[in-house]
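For reference, the structure discussed in these notes is given below.
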Amino acid sequence: MAGRLVFLLEEPSMRVLLEGWLPRLFPGWVSGEHFLCVPHEGKSDLDRSIARKLAAWRYPGDRFVIVRDNDNADCIDLKARLRRRCEDAGRPDSLIRLVCQELESWYLGDLAALAAAFDTPRIDSPANRKRFDAPDSWQKPSVEVKRLIPAFQKIGGARAMAAHLEAQRNRSPSLRAFVAGVRRLNAEAAG
């Protein structure tokens, strides 16, 4: 791959997830060599830094992926606003992916992974699969994950989920869009 994929992330837990999960999705990928995760301290920090980081970046061939929780915002308006920041910084080819609504919706989209990550087989039950059939529609998926796993913590949970999350069985449309976009960028760089 020519250059790296640089992921500008809303929070440290997404960094932990991606650093463990991307090498499983793309065998051979090494953090720092093929991809780089740059976490921020929330939405405001990420939003403020996008234009500055994109404009100042000087590593040839690097491409950007902006990953941010939607948090019940208007998806179209939010994506358009982020797109303008990328364009203003001279990086119109940046990939923008919104997580609907929070990172934990990706976990609810793969109950088998959640059950395996926390050694709690009862989580992956027919009732829960039906209940969380549309994981991106939950307003507060973090609350639901905490209900299923009372000891859940964001960073430790991300680390555990990175070892078990499977894109092909995940029911989260935002996760599938994220994976499809990253695969496309990877294929473009390889071809």
Q) Are any side-chain N or O atoms of Lys79 and backbone N or O atoms of Leu98, one a donor and one an acceptor, separated by less than 3.5 Å? A) no

Q. Is it true that Arg68 and Asp47 have a side-chain N and a carboxylate O under 4.0 angstrom from each other?
A. yes

Q) Do the side-chain N and O atoms of Asn70 and Gln101 include a donor-acceptor pair separated by under 3.5 angstrom? A) yes

Q: Only counting residues at least two apart or in another chain, list the ones meeting ring-ring contact (aromatic ring centres under 6.0 Å, His included) with Trp138.
A: Phe132

Q. Which heavy atom of Cys37 sits nearest a heavy atom of Pro39, and at what distance?
A. O-CD, 3.5 Å

Q. Parallel under 30°, tilted from 30 to 60°, perpendicular over 60°: which one fits the rings of Trp57 and Phe64?
A. perpendicular

Q) Any idea which heavy atoms bring Pro23 and Trp29 closest together, and the distance? A) CB-O, 3.6 Å

Q) After noting the C-alpha distance and the side-chain angles of Leu95 and Arg184, does the key distance pass the side chain to side chain contact (heavy atoms under 4.5 Å, CB included) rule? A) CA-CA 10 Å; Leu95 178 67; Arg184 180 179 50 79; 3.5 Å; yes

**Q.** Where Phe118 and Gly157 come nearest, the two heavy atoms and their spacing
**A.** CZ-CA, 3.7 Å

(Q) Quick check for you: to the nearest 0.5 Å, what is the distance between Leu175 atom CG and Trp106 atom CH2? (A) 5.0 Å

(Q) Run the side chain to side chain contact (heavy atoms under 4.5 Å, CB included) test on Ser49 and His40 for me, step by step, so that the C-alpha distance in whole Å, both residues' side-chain angles and the decisive distance to 0.1 Å come before the verdict. (A) CA-CA 9 Å; Ser49 77; His40 292 77; 2.7 Å; yes

Q. Are Leu54 and Leu36 linked, directly or through other ILVMFWY residues, by side chains that come within less than 4.5 angstrom of each other?
A. yes

Q. Are any non-hydrogen side-chain atoms of Arg97 and Ile66 less than 4.5 angstrom apart?
A. no

Result block: side-chain N/O donor-acceptor pairs under 3.5 angstrom for residues 5-13, not counting sequence neighbours:
{"unit_1": "Glu10", "atom_1": "OE1", "unit_2": "Asp69", "atom_2": "N", "d": "2.7"}
{"unit_1": "Glu11", "atom_1": "OE1", "unit_2": "Ser13", "atom_2": "OG", "d": "3.1"}

Q) Is there a side-chain contact between Val182 and Phe26, using heavy atoms and a 4.5 Å cut-off? A) yes

Q) Looking only at heavy atoms, what is the nearest atom pair of Pro173 and Asp136, with distance? A) CD-OD2, 3.2 Å

Q: State yes or no: do Ile123 and Leu108 share one hydrophobic cluster built from I, L, V, M, F, W and Y residues joined by side-chain heavy-atom distances below 4.5 Å, directly or via other members?
A: yes

Q | Distance, nearest 0.5 Å, that separates CZ of Arg83 from CD1 of Ile76 | A | 14.0 Å

Q | Pair Glu102 + Lys140, salt bridge at N-O below 4.0 Å | A | yes

**Q.** Closest heavy-atom pair and its distance - Trp21, Leu165
**A.** NE1-O, 3.1 Å

Q.
Is there a path of hydrophobic side-chain contacts, each under 4.5 Å between heavy atoms, that joins Val99 and Ile50?
A. no

Q | Leu148 side, atom CG; Leu111 side, atom CG - distance, nearest 0.5 Å | A | 7.5 Å

Q. Rounded to the nearest 0.5 Å, how far does CZ of Arg63 lie from OG of Ser94?
A. 10.5 Å

Q) Is a salt bridge present between Arg15 and Glu19, judged by a nitrogen-to-oxygen distance below 4.0 Å? A) yes

**Q.** Salt-bridge contact Lys43-Asp71 (side-chain N to carboxylate O under 4.0 Å)
**A.** yes

Q. With hydrophobic residues grouped by side-chain heavy-atom distances under 4.5 Å, do Ile96 and Val179 end up in a single group?
A. no

Q: Output every pair passing side chain to side chain donor-acceptor pair (under 3.5 Å) with a member in residues 157-167, not counting sequence neighbours, ordered by first then second residue.
A: Arg24-Glu166, Glu166-Gln168

Q.
Strictly below 4.0 Å, N to O, side chains only: are Lys154 and Glu104 in salt-bridge contact?
A. yes

Q) Out of curiosity, Arg4 CZ to Asp62 CG, how far, rounded to the nearest 0.5 Å? A) 4.5 Å

Q: Might you work through the side chain to side chain contact (heavy atoms under 4.5 Å, CB included) test for His34 and Leu22, ending with a clear yes or no?
A: CA-CA 10 Å; His34 300 98; Leu22 288 174; over 6 Å; no

Q) Is the side chain of Arg91 donor-acceptor paired with the backbone N or O of Asp88 at a distance under 3.5 Å, no angle test? A) no

**Q.** Interatomic spacing from OG in Ser172 to CZ in Arg176 - rounded to 0.5 Å
**A.** 7.0 Å

Q. Is there a donor-acceptor contact under 3.5 Å from the side chain of Asp110 to the main chain of Asn170?
A. no

Q: Count the heavy atoms of every other residue, nucleotide or ligand shown that sit under 6.0 Å from CD of Glu41, and state whether that count exceeds 12.
A: no

Q) Donor-acceptor pair, Ser125 side chain versus Asn128 backbone, under 3.5 Å? A) yes

Q.
Check for me, please, whether Val65 and Leu17 land in the same ILVMFWY cluster - side-chain distances under 4.5 Å, paths through other members count.
A. yes

(Q) Looking at Gln153, I want to see if its CD is surrounded by more than 12 non-hydrogen atoms of other residues, nucleotides or ligands under 6.0 Å. (A) no

(Q) Check Arg129 with Asp124, please: is the shortest side-chain N to carboxylate O separation under 4.0 Å? (A) yes

Q. Backbone N or O of Pro141 within a donor-acceptor pair of the Ser105 side chain at under 3.5 Å?
A. no

